[in-house]
Amino acid sequence: NTPSLSELRERRVEKAEAMRAAGVEPFAYGFERSDECGALQAEYADRLEPGELEEGRRAKVCGRIMAKRVFGKKLAFLSLRDASGEIQLYVEKARLGDEMKRLVEWTDAGDFVGAEGCMKRTDKGELSVVVDGWTMLTKAIAPLPDKHKGLADVAKRYRHRELDLIANPRVRRTFELRARITSAIRQKLDAQGFLEIETPVLHAEPGGAEAKPFLTKHNALDVDLALRIATELHLKRLVVGGFERVYEIGRIFRNEGVSTRHNPEFTSVELYQAYADYGDMMRLTETLVRELATDLLGSALVTYGDETLDLSPPWRRVSMRDLVRDATGLDFYDPANSLDDLKTALRGRLDDALLDKQPTPGDLLNTCFEELCEHDLRQPTFVTDYPVEVSPLAKPHRDLPGFVERFELFVVGRELANAFSELSDPIDQRDRFERQARKKAAGDEEACGVDEDFLKALEHGLPPTAGLGIGIDRLVMLLTDSPSIRDVIAFPLLKPTT
């Protein structure tokens with residue numbers, strides 16, 4: 001019968017106890033290696049014929065045992081993996097003597113070991129370290145996931161990401177690429193003269209976005225606080241203070257639902273550039289994303305699911321108003337169309353309850369875009385010129401009354417970036433904050449309040465400024481062909497198991 005997990009665990013504990021009884025520590029304090037597995041594979045890529053031994057080259061490696069095959073009392077093979085790759089340990093009694101028995105009896109797949117010896121390519125062509133000395137580094141008490149079935153349960157993969165990383169090499173590559181993407185963003189912004197400055201996570205008045213915050217309290221100060229829903233307002237205060245190019249890559253917290261596109265805590269990069277407008281941000285965005293793809297993936301053509309996306313600039317630019325007019329035949333800013341007329345024309349296209357909640361043509365226009373247009377934007381598209389009602393921090397459009405200079409970037413039907421020419425008029429900003437505060441008082445949990453500290457800063461003068469926010473998690477999804485945001489967050493929030 002196949003032993004249960006508890007039985008396997010008990011056997012491994014017994015092995016650890018046997019090691020201690022023999023004077024061997026099963027949980028070592030360190031190990032000095034001379035070689036990484038991947039480096040050895042590269043060094044010997046075209047060296048050693050099958051069956052050839054090289055006594056003069058010794059290697060000292062360490063890592064996790066991924067598989068173990070024992071052939072009688074005289075020969076065993078162990079697959080060893082470190083962060084760089086895998087190599088085989090060739091274990092024979094002729095080299096190890098009586099120590100081979102202890103190695104075979106004490107080790108299991110999942111253990112961390114160190115080993116040293118000369119190099120050999122086996123008769124079957126497998127590069128190996130011929131072991132003449134070994135050390136137990138960590139005795140794994142729990143077994144690895146089944147090597148044939150892997151870790152197929154999606155919830156278990158997210159909840160125990162450490163096992164997911166061990167069992168699924170693709171997952172490891174995803175997180176390696178995520179780290180490289182984040183690093184490359186920093187390098188490219190730094191090269192353009194941007195400074196990364198950290199801003200507070202705890203806010204007395206959450207702002208910079210429309211989102212329900214997580215609430216907490218500072219006990220010593222007896223102050224109610226919220227986790228930040230954006231980094232925007234503090235970064236713009238830094239521009240007021242004289243920094244002309246600033247950014248922050250940081251965690252954002254929003255008390256919202258969970259989906260393939262949403263996680264309550266996520267990572268964004270927000271940047272602000274003085275003397276620029278939203279047109280400059282479009283050019284920066286398409287250049288940055290294209291360079292990330294070509295530098296890290298080797299091409300501006302990216303595969304996502306069964307679609308091929310071309311990230312080569314220039315990207316399509318189209319106004320929200322034009323997209324909705326094409327989808328509905330309605331011009332929301334034609335004086336002949338009242339709000340009631342527009343709602344009547346849309347009945348049957350949108351849910352009645354959703355229509356009835358829209359207080360202005362601008363709100364209705366934005367809802368029509370989200371419900372009828374957004375999903376069809378597959379190739380990179382800048383959707384421009386949003387209604388002022390849904391953009392409380394953007395500068396009024398210089399040519400279109402009722403609109404602001406704002407764009408959102410959409411790829412494969414979902415938002416990837418948001419940017420605008422920043423509102424610098426403190427009187428207008430106060431008016432918009434107060435409108436948001438009234439919505440909040442009326443029960444809108446996503447509306448922001450009045451941030452007096454930000455308004456005071458704005459009164460000292462914000463130069464013409466453009467701002468951009470990119471969701472790093474969604475960007476990583478795009479560049480790694482990952483269908484869910486949980487696939488690119490190492491430890492996504494999950495409901496606790498009971």
Side-chain angles (χ1 to χ4, degrees), residues 155 158-161 178 182 196-238 246-272 357 370 390-393 408 414-418 432-455 457 467-477 484-498:
Y158 296 149
R159 195 175 302 278
H160 295 286
R161 182 70 81 186
R178 178 186 176 117
T182 304
E196 183 171 17
I197 300 179
E198 295 175 320
T199 62
V201 172
L202 295 174
H203 290 188
E205 182 60 62
E210 291 191 355
K212 182 179 179 181
F214 287 96
L215 302 178
T216 187
K217 183 170 185 172
H218 192 293
N219 292 331
L221 297 179
D222 192 25
V223 174
D224 292 326
L225 297 167
L227 300 185
R228 67 184 177 192
I229 58 174
T231 55
E232 177 170 348
L233 301 187
H234 285 91
L235 288 173
K236 286 197 283 192
R237 287 169 65 181
L238 291 170
V246 294
Y247 76 97
E248 181 177 5
I249 295 177
R251 294 295 256 190
I252 305 299
F253 307 87
R254 296 179 182 177
N255 199 347
E256 58 190 14
V258 175
S259 73
T260 57
R261 295 188 295 175
H262 297 90
N263 192 68
E265 59 174 315
F266 60 94
T267 304
S268 76
V269 55
E270 284 199 43
L271 63 91
Y272 294 86
K357 289 195 297 184
E370 292 177 345
V390 297
S391 310
L393 292 160
E408 287 185 309
R414 57 175 172 248
E415 177 201 345
L416 189 62
N418 183 25
R432 296 197 206 179
F433 273 168
E434 289 176 349
R435 272 183 272 167
Q436 287 283 312
R438 287 193 290 272
K439 290 171 65 176
K440 185 176 182 179
D444 186 342
E445 294 182 317
E446 295 188 347
C448 64
V450 178
D451 189 324
E452 292 292 348
D453 288 337
F454 177 68
L455 288 171
L468 167 67
I470 299 175
I472 288 182
D473 308 283
R474 292 185 183 181
L475 178 60
V476 175
M477 288 172 63
S484 171
I485 196 170
R486 292 183 176 186
D487 293 326
V488 300
I489 295 176
F491 297 97
L493 183 67
L494 300 169
K495 188 173 182 179
T497 56
T498 54

Derivation and outcome, salt bridge (Lys or Arg N to Asp or Glu O under 4.0 Å), residues R474 and E408: CA-CA 14 Å; R474 292 185 183 181; E408 287 185 309; over 6 Å; no
Side chain to side chain contact (heavy atoms under 4.5 Å, CB included) between R178 and T267, intermediate numbers included: CA-CA 11 Å; R178 178 186 176 117; T267 304; 3.3 Å; yes
From CA spacing to verdict: side chain to side chain contact (heavy atoms under 4.5 Å, CB included), I249, E196: CA-CA 8 Å; I249 295 177; E196 183 171 17; 3.7 Å; yes
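For R159, the side-chain contact (heavy atoms from CB on, under 4.5 Å) criterion is met by L494, T497, not counting sequence neighbours. By the salt bridge (Lys or Arg N to Asp or Glu O under 4.0 Å) test, R237 pairs with no residue at all, sequence neighbours left out. E270 is linked by a salt bridge (Lys or Arg N to Asp or Glu O under 4.0 Å) to nothing, counting only residues two or more places apart in sequence or in another chain.
Around CD of E370, the count of heavy atoms belonging to other residues, nucleotides or ligands within 6.0 Å exceeds 12.
Contacts classified as salt bridge (Lys or Arg N to Asp or Glu O under 4.0 Å) and involving residues 218-227 (residues at least two apart or in different chains) are given here: K217-D222. Applying the ring-ring contact (aromatic ring centres under 6.0 Å, His included) test to every pair with at least one member in residues 202-235, sequence neighbours left out, gives these pairs: H203-H234. Identified under the salt bridge (Lys or Arg N to Asp or Glu O under 4.0 Å) test for residues 486-496, with sequence neighbours left out: none.
Taking CZ of R261 as the start and CG of L416 as the end, the distance is 11.5 Å to the nearest 0.5 Å. Considering CG of L468 and OH of Y247, their distance stands at 13.0 Å, rounded to 0.5 Å. Of the inter-residue distances, the one linking H262 atom NE2 with R414 atom CZ reads 10.5 Å to the nearest 0.5 angstrom. Atom CG in L202 sits 7.0 Å away from atom OG1 in T216 (nearest 0.5 Å). Distance check, rounded to the nearest 0.5 Å: CZ of R254 to CD of E265 gives 13.0 Å. Here OG1 of T231 is found 10.5 Å from NZ of K236. Values are rounded to the nearest 0.5 Å.
Between C448 and F433 there is a side-chain heavy-atom pair separated by less than 4.5 Å. The side-chain heavy atoms of L233 and L393, taken from C-beta on, include a pair separated by under 4.5 Å. Here the side chains of E210 and Q436 are in contact, with some heavy-atom distance below 4.5 Å. Put simply, the side chain of L238 does not reach to within 4.5 Å of the side chain of Y272, judged on heavy atoms.
I197 approaches L235 most closely through the heavy-atom pair O-CD2, 4.0 Å. Taking each heavy atom of A209 and I229 in turn, the nearest pair found is O-CD1, 3.4 Å. The heavy-atom pair separating P213 from L227 by the smallest distance is CB-O, 4.2 Å. Minimum heavy-atom separation, P264 to V258: CD-CG2, 3.8 Å.
Screening D473, I485, V488 for a side chain to side chain contact (heavy atoms under 4.5 Å, CB included) involving N263 leaves a single residue, I485.
With hydrogens and angles left out, the side-chain atoms of E248 and T199 include a donor and acceptor closer than 3.5 Å.
Using modelled atom types, one side-chain atom of E205 and one backbone atom of G449 make a donor-acceptor pair closer than 3.5 Å. With hydrogens and angles ignored, the 3.5 Å screen pairs no side-chain donor or acceptor of R251 with any backbone N or O of R228.
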